[in-house]
Amino acid sequence: VTAETAFNAKPEFHLKSLRGSWTCEDSATNGSTQYKTLQIEEGKFALTVSERGGRVRVIAQGEVIVDASRTERSVVTFNATQDSQSSP
């Protein structure tokens with residue numbers, strides 16, 4: 001492989017690159033602090049919100065798909081299942 005070929009090659013992106021858990025701190029509508037967590041493992045995701053008092057709500061969950069077939073860059077899609085939205 002020449003340097004020019006390697007430079008022009010489309011970079012590969014794999015689902016395992018997304019594996020992990022990410023949390024951010026945010027303010028709820030009432031001004032209290034809440035934590036939003038996105039967890040991805042083995043092609044599945046869960047988005048949760050931790051509220052005051054330790055209550056954790058699942059906001060969405062479903063399947064993660066990486067599609068590198070149609071564009072120059074990989075497209076990551078989060079397909080939520082219909083029953084993933086929890087009630088308040």
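Computed from a predicted model, the values in this text were never measured in an experiment. Basis for what follows: all heavy atoms, side chains included, without hydrogens, waters or symmetry-related copies. All residue numbers refer to positions in the sequence shown, counting from 1.
Applying the side chain to side chain donor-acceptor pair (under 3.5 Å) rule to S27 yields no partners; only residues at least two apart in sequence or on another chain are considered. Take T37 and apply the side chain to side chain donor-acceptor pair (under 3.5 Å) test, not counting sequence neighbours, and it matches T23. Take K16 and apply the side chain to side chain contact (heavy atoms under 4.5 Å, CB included) test, not counting sequence neighbours, and it matches H14.
For the pair L18/V76, a side-chain contact is recorded, criterion being any heavy-atom separation below 4.5 Å from C-beta on. Counting only heavy atoms from C-beta outward, the side chains of T77 and D67 never approach each other to under 4.5 Å.
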request  = Dump the intermediate steps for side-chain contact (heavy atoms from CB on, under 4.5 Å) on V49 and V56, then the final yes or no.
outcome  = CA-CA 6 Å; V49 174; V56 177; over 6 Å; no
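Sorted by first then second residue, the ring pair (Phe, Tyr, Trp, His ring centres under 6.0 Å) pairs that include residues 47-68, not counting sequence neighbours, number zero. Pairs of residues two or more places apart, or lying in two chains, that qualify as salt bridge (Lys or Arg N to Asp or Glu O under 4.0 Å) and include a residue from residues 22-31 are D26-K36.
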What donor-acceptor contacts under 3.5 angstrom involve side-chain atoms of residues 38-47, with partners at least two apart or in another chain?
unit_1 : atom_1 : unit_2 : atom_2 : d
E41    : OE2    : R19    : NH2    : 3.4

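Between the T81 side chain and the Q61 main chain, a donor and an acceptor come within less than 3.5 Å of each other.
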